[in-house]
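Since this is a predicted model, take the numbers as computed values, not measurements. Here is how names work: the chains are called A, B, and so on, in the same order as the sequence lines, proteins then strands, and each is numbered from 1. Every heavy atom of this structure was used, including side-chain atoms; hydrogens, water molecules and symmetry mates were not.
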Protein chains: 2
Amino acid sequence: MAATLSDVARLAGVSIKTVSNVIHDHPNIRPATRQRVLDAIAAVGYRPNLTARNLRSGRTGVISLVLPTLRNPYFAELAEAVIEAAEREGLSVLIEQSRGADAGARANTAQLVDGMLFSTLGSEAEDTGLYAQLPAGPHSPVDHVTMRNTEAIRAATEHLLALGRRRIVALGARPGDTSGAGSLRLLGYRQALAAAGLDARPELERAVESWTRFDGAAATEALLNSGTPFDGIVAFNDALALGALRTLGQRAIRVPEQVSVIGFDDLDDARYSLPALTTISPGREQIATLAVQMLAERIAERGEPLPARTITVPFALVERESTAQKAAD
Amino acid sequence: MAATLSDVARLAGVSIKTVSNVIHDHPNIRPATRQRVLDAIAAVGYRPNLTARNLRSGRTGVISLVLPTLRNPYFAELAEAVIEAAEREGLSVLIEQSRGADAGARANTAQLVDGMLFSTLGSEAEDTGLYAQLPAGPHSPVDHVTMRNTEAIRAATEHLLALGRRRIVALGARPGDTSGAGSLRLLGYRQALAAAGLDARPELERAVESWTRFDGAAATEALLNSGTPFDGIVAFNDALALGALRTLGQRAIRVPEQVSVIGFDDLDDARYSLPALTTISPGREQIATLAVQMLAERIAERGEPLPARTITVPFALVERESTAQKAAD
DNA sequence: TTGTAAGCGTTATCAT
DNA sequence: ATGATAACGCTTACAA
C-alpha cells in the first residue's frame, strides 16, 4: 500500500539510489534532479519504511524500560524522565512491566530493541537507580546509575536531629534485608544517630512489608498503638511518609508541631500532601539522563564492549512543611 | 553476531526452509529431521530476528500510546491498563508523550508501530477514554472507547443529594468549554439539580484552569474566601477532589461531616487520601481492553477498513469516607 | 552525478 | 518431506 523507494524512483525517472541520496542529503546531486525527486516524494506521499531500515542497519531506535508497575508514582515519574531523556537521544521507549527482571520477561522484546533499562535488577521491589544493558545476552556488562542511599538518609536524619528531635523513627526497615536500598538507608539512619551520640533503639526501627502508602499507614498505626514515644519519622520513601501522614492526621497528631516527618523520592505527591512533605530529591532526572546516555554509548560502540560502569548522582534535601521549625521553640 | 536461520540450517545439514518449518510447527517434518534442527537451534543459540520477521510480515507487534504525561496518575494508571491489555493481545507498547495529538508527534514512530492509541484527540487536556487508529494516515477511521461522562456526574451529584446536601459545588467547570469531558460533566451536574427541583446557582459552578490537585486546592480556597455557603463538592476528577480535600483539611472543615466530597476517576490515590475519597470508577480496565482489542482487529483486517466505531462503557460509584453518612443525622 | 546490484534475516511459493 | 529461490524495502559498495 505505502509508497516505496522504487515508486518514487519510477515517478521521478531516476534510480532508487538517487532517491536515497536525496533523502539522506548526500552531496553531488544536481538541483534539478533533487527537485524532481522531492516532488515525486511529495506526490506519492512517501515515508521511509523504518522496519526495512532497521533490518539493514541492525538498529531500531527503540529501547525498553522494564519496571514493576506504573501505578507506583515513583516508577511513573522515573518513566517520564527516561522517556524525555531518550527523546533527546533520538530514542523511543517501550515500557515493559515485570516484577524482578527475569530473563524470560526480557526475551520478550529483546530482539526489537537496541538496549534495555531496568529500574530494579534483583527480585527486590526496591530500586536504586537504573541499570542499563544491551539486549545481547545475560552475561553482557551492566551499567548502573545509582543514588547516595546511605548519605541521603543520614542527611535526612541529621535534619530532624538539628530540629531538636531525639526519638526518631526509621520507617521502612525490612527484617531480613542485608542488601538493597533498604539496608543502605537503615545504615544511614544509624550512622546519623551514632554521630549525634544517640543509642540506636530497636523499637524505633519499624519494619514494613513493602514501601507503600498502605504499609506506611499501617506501620504508623502499630507504632502509635505500641505506645512508644517518638517525635520524628524518617521514612525510607515518600509513599511510606505519605501513609504515615495519613495515620497521624487521623489520630489528630500535628505535623510538624508534635512529629517531624521526612521522606525520600520527591514525588509530585510530596508537594501536595497535608502538610507538604519534606523529602530527599534523589536526582531522578539526572539518573534517567545518565542511564540513557550510557546505554546510547553502548549501542554506538557495539562490538567494543565497554566495561561495566557505575555512576552515583548527588541528592538534595527539599524542605517543606512537614519539618518546618516549630513556632514556639 | 547472532545466529541466523542459515547458520542453523548449515549445522543441521538441511535447508533454511526446513528450519523455518520446524520453528513454525509446520506439518510434514520427519521426527529425526526435526530433532536434528532443534539440536542445532539449541547449539548455536538461535533466536529469530524480529526485525527481519517484521519486514517480511509488515507487522511489528508494537503499538504506541500517546499521552500528555505519565506524572499525572490518571494517565499512568491508564497506561498500565493499556500495557496489560496489549500483553494479552501479544502486543508491546511504546509510550510517547505529547500534548495534543498533533500529527508531527505521531509521525515520529508511526512507521514502527502497527497502530496507535491516543488518550486525547484534540488539544484539550481533558480526556474521555481512548482513541484507536492505524498509523496509515490522518484520514483513516478512528475508533473511540469512551465513558458516560454526563450520566456518571449526574449519579455523583444525586449521591450527594440523597445525603441531604443542597448546596453542591461543581468543581472543574471551565469557562469557554462547549465540548469535551468538562462540558459533558457540567451537564450531568445540572441535570441532577434540575431533576431534584433545585435551581442552578452560578456561584456554585467553580471554574479551574486545569484539572490538577493544585487548581482544585486553589479553587476551593477561593470558594471559601468568597463566603458562598456549600455542603457538598462534586469534583470533575479525583485530582481536583484531592486538592479540595487538602484545602478543607487546612481550614479544619470536616469531611464528610460538614462537606461531602465526590471525585471522578477512581485513582489509587483516592483510596489513601484523608478521608478516603468517594469517586466514580469510569471503567478504566474495560476502556483499555476494548481499545486494544479494537485496534488489534483493525490491524488484523488491514485492507478492509472497518468503519469508525464508538463504544461507551459503564461506570460505577465507589463509596468511601468522604461521603459517609453523617453519624448524627 | 547517477545507476546496478548485493545483502540484511525472514517467510512463502514453488518444485522435487 | 525437503530444497531453491524470490520477495519484503532499504542502504551502500562499486561501476559507469
Side-chain angles (χ1 to χ4, degrees), chain A residues 1-38 40-41 44-62 109-114 135-136 302-303, chain B residues 1-41 44-62 109-114 135-136 299 302-303:
Chain A
M1 279 275 53
T4 75
L5 267 192
S6 33
D7 293 332
V8 176
R10 198 174 320 115
L11 183 60
V14 299
S15 80
I16 64 171
K17 178 64 208 300
T18 301
V19 179
S20 177
N21 281 342
V22 170
I23 289 169
H24 293 282
D25 271 332
H26 273 246
N28 300 342
I29 304 171
R30 210 175 333 179
T33 314
R34 157 188 300 271
Q35 194 50 54
R36 204 143 35 92
V37 169
L38 290 177
I41 286 177
V44 300
Y46 170 78
R47 310 268 307 139
N49 178 322
L50 291 191
T51 308
R53 194 175 273 183
N54 294 342
L55 176 58
R56 228 354 262 240
S57 68
R59 305 262 167 86
T60 65
V62 178
T109 57
Q111 312 295 315
L112 276 181
V113 300
D114 293 340
R302 187 78 60 84
Chain B
M1 280 271 56
T4 76
L5 268 191
S6 33
D7 293 331
V8 175
R10 198 174 320 116
L11 183 60
V14 298
S15 80
I16 64 172
K17 179 64 208 300
T18 302
V19 179
S20 178
N21 281 342
V22 170
I23 290 169
H24 293 283
D25 273 332
H26 273 246
N28 300 342
I29 304 172
R30 208 173 338 177
T33 313
R34 158 188 298 274
Q35 194 52 53
R36 207 145 31 91
V37 169
L38 290 176
D39 290 346
I41 286 176
V44 302
Y46 170 78
R47 311 266 307 138
N49 179 319
L50 292 190
T51 307
R53 192 174 275 182
N54 293 342
L55 174 58
R56 220 7 256 235
S57 67
R59 306 261 167 87
T60 65
V62 178
T109 57
Q111 311 296 314
L112 275 181
V113 301
D114 294 339
I299 292 170
R302 187 77 60 84

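- Between Gln111(B) atom CD and dC8(D) atom P the separation is 17 Å, expressed in whole Å.
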Query raised in the report: Please walk me through it: do Asp7(B) and Arg10(B) pass salt bridge (Lys or Arg N to Asp or Glu O under 4.0 Å)?
Result: CA-CA 5 Å; Asp7(B) 293 331; Arg10(B) 198 174 320 116; 3.6 Å; yes
Sort me out a list of protein N/O and nucleotides 4-7 of chain D N/O pairs below 3.5 Å, or just none if empty.
from: dA7(D); atom 1: N3; to: Arg56(B); atom 2: NH1; distance (Å): 2.7

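- Distance CZ (Arg59(B)) to P (dG9(C)): 23 Å, rounded to an integer number of Å.
- In this structure, the side chains of Ile41(A) and Ile23(A) come closer than 4.5 Å at one or more pairs of heavy atoms.
- Contact check for Leu112(B) versus Asn54(A): side-chain heavy atoms found under the 4.5 Å cut-off.
- Thr60(B) is listed as a side-chain neighbour of Thr51(A), based on a closest heavy-atom distance under 4.5 Å.
- Within the 4.0 Å cut-off from OP1 or OP2 of dG3(D), at least one side-chain nitrogen or oxygen of Thr18(B) is found.
- Side-chain atoms of Arg59(B) come within 3.5 Å of backbone atoms of Ile299(B) as a donor-acceptor pair (strictly under, hydrogens ignored).
- Across Ile29(B), Leu11(B), Val19(B), a single residue satisfies side-chain contact (heavy atoms from CB on, under 4.5 Å) together with Val37(B), and that is Val19(B).
- The shortest distance between side-chain heavy atoms of Arg34(A) and Asp25(A) falls below 4.5 Å.
- A heavy-atom distance below 4.0 Å to DNA chain D is reached by these residues of residues 20-37 of chain A, ordered by number: Ser20(A), His24(A).
- Regarding Leu50(A), its CG atom lies at a distance of 16 Å from the C1' atom of dC8(C), rounded to whole Å.
- Between Arg53(A) and dG9(D), a side-chain N or O to OP1/OP2 separation shorter than 4.0 Å is absent.
- Here the P atom of nucleotide dT11(D) and the CG atom of Leu5(A) are 6 Å apart, to the nearest Å.
- Between the P atom of dC8(D) and the CG atom of Leu55(B) lies a distance of 9 Å, rounded to the nearest Å.
- Ser57(B) places a side-chain N or O within donor-acceptor distance of the main-chain N or O of Arg53(B), the cut-off being under 3.5 Å.
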